[in-house]
Trainee: 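If you scroll down you'll find the structure; I have some questions about it.
Note that ligands are numbered from 1 as they come in the structure, with each ligand's atoms numbered from 1 the same way. For the numbers below, each heavy atom of this structure counts, side chains included, while hydrogens, waters and symmetry mates do not. Because the structure is predicted, anything quoted here is derived from the model rather than measured.
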Amino acid sequence: MPSVRTSTTLHPLGLALLTGCGDGSQSALAPAGRDAEQIATLFWVMVVGAGVVWLLVMASAVYAVVRGEQEHSEKLARRYIVGGGIVFPTVTLTVLLVGGLRILPGLLDLGPDEPAVEVDAEQFWWRARYRHGDDWVEVANELHLPVGHRTALAVRSPDVVHSFWVPALAGKVDAIPGRTTHLALEPTREGTFRGSCAEYCGQSHALMALHVVADAPEDFEAWLAHQAEPAVAPEGELAARGAELFLEHGCGACHTVRGTAADGVLGPDLTHVGGRAHLAGVLENEPEAFVRFIRDPEAVKPAARMPAFDTLSDAELRALGHYLDGLR
Ligand code: CUA
């Protein structure tokens, strides 16, 4: 399939509709995973199949109009009814059904028995824990996966139903309170793919985005090893002031920065937050984005659980943003 992203003949609106968000990074029609490829193929088979059936029906309708009330021979009429009304639909639906069922075992292959990643759908962000030797390493909103490997994910939710969906990689799976659901992802090419929550879960449902970065296996191992390390020490006066403010204002009650006194578990782990491409899944990651979010989380993500810190001065917010951005 030609990449929709690079086509210049499509009207921009058509392109946006086809790819879901414009650049193809969240498009089931620009697959970058084994499962998504099978789903996309099934989609195109269904589209072509439905198109052919539509053309045949339209041709029959035109034929019927053109023939007017001329009589058909009874033999010909019976052929139309038996052929077009019974044989053709039976054969067509059987072929489509068998084609659809054939890809099921591949989609249901959950990979290794032990999930390598646990994903918790929170209000309104994604907590992910990676198995790293005997330990677990926690990150948020940005997952990395090795290309060419099938990674097993266990998906959970502490409160309401969400749905984990990265369209370019695979189908979706619900996060259901009190249960663990399973999914496997197998990227086939490197890149960053956007995912979103696919089950209405509250005010910021549409902002509950995540990104999956598909890395070469050695890059993935390096990334995971780096995530397992404690946070870097703040560099420079401004960052050091930010680190002080972070602890003084109680940020550590909800957030963990490994290697410091901050060990809260309610909010995202911020040990390497500055190294992620996005903040809160929806902002470009830069010091100014931290300032915006800390001052008024509600303005970025309505009903987010984090309280506003609008009593902090601009200088204090800038120091905090600088410190957090430096946590690469
Ligand atoms: Cu979480 Cu919708």
Trainee: Give every protein N, O or S atom lying under 2.8 Å from atom 1 (Cu) of ligand 1, naming each by residue and atom.
Mentor: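 Short answer, with waters excluded from the count: His162 ND1, Cys197 SG, Cys201 SG, Met208 SD.
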
Trainee: With a sphere of 6.0 Å drawn around CZ of Arg179, does it hold more than 12 non-hydrogen atoms of other residues, nucleotides or ligands?
Mentor: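 12 or below, so no.
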
Trainee: With a 3.5 Å distance limit and no angle check, can you tell me whether Thr181 reaches the backbone of Asp174 through a side-chain donor-acceptor pair?
Mentor: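 At least one qualifying donor-acceptor pair exists.
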
Trainee: My understanding is that only residues two or more places apart in sequence, or in another chain, count here; which of them pass ring-ring contact (aromatic ring centres under 6.0 Å, His included) with Tyr200?
Mentor: His205

Trainee: Are Arg150 and Asp35 within salt-bridge range, i.e. N to O under 4.0 Å?
Mentor: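 Counted as a salt bridge, because a side-chain N and a carboxylate O are separated by less than 4.0 Å.
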
Trainee: Treating Ile, Leu, Val, Met, Phe, Trp and Tyr as nodes and any side-chain heavy-atom pair under 4.5 angstrom as an edge, say whether Leu143 and Trp165 lie in one connected cluster.
Mentor: no

Trainee: Using the side-chain contact (heavy atoms from CB on, under 4.5 Å) rule, pick out the option among Pro167, Ser27, Ser25 that qualifies with Arg194.
Mentor: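 When side-chain contact (heavy atoms from CB on, under 4.5 Å) is applied between Arg194 and each of Pro167, Ser27, Ser25, only Ser25 qualifies.
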
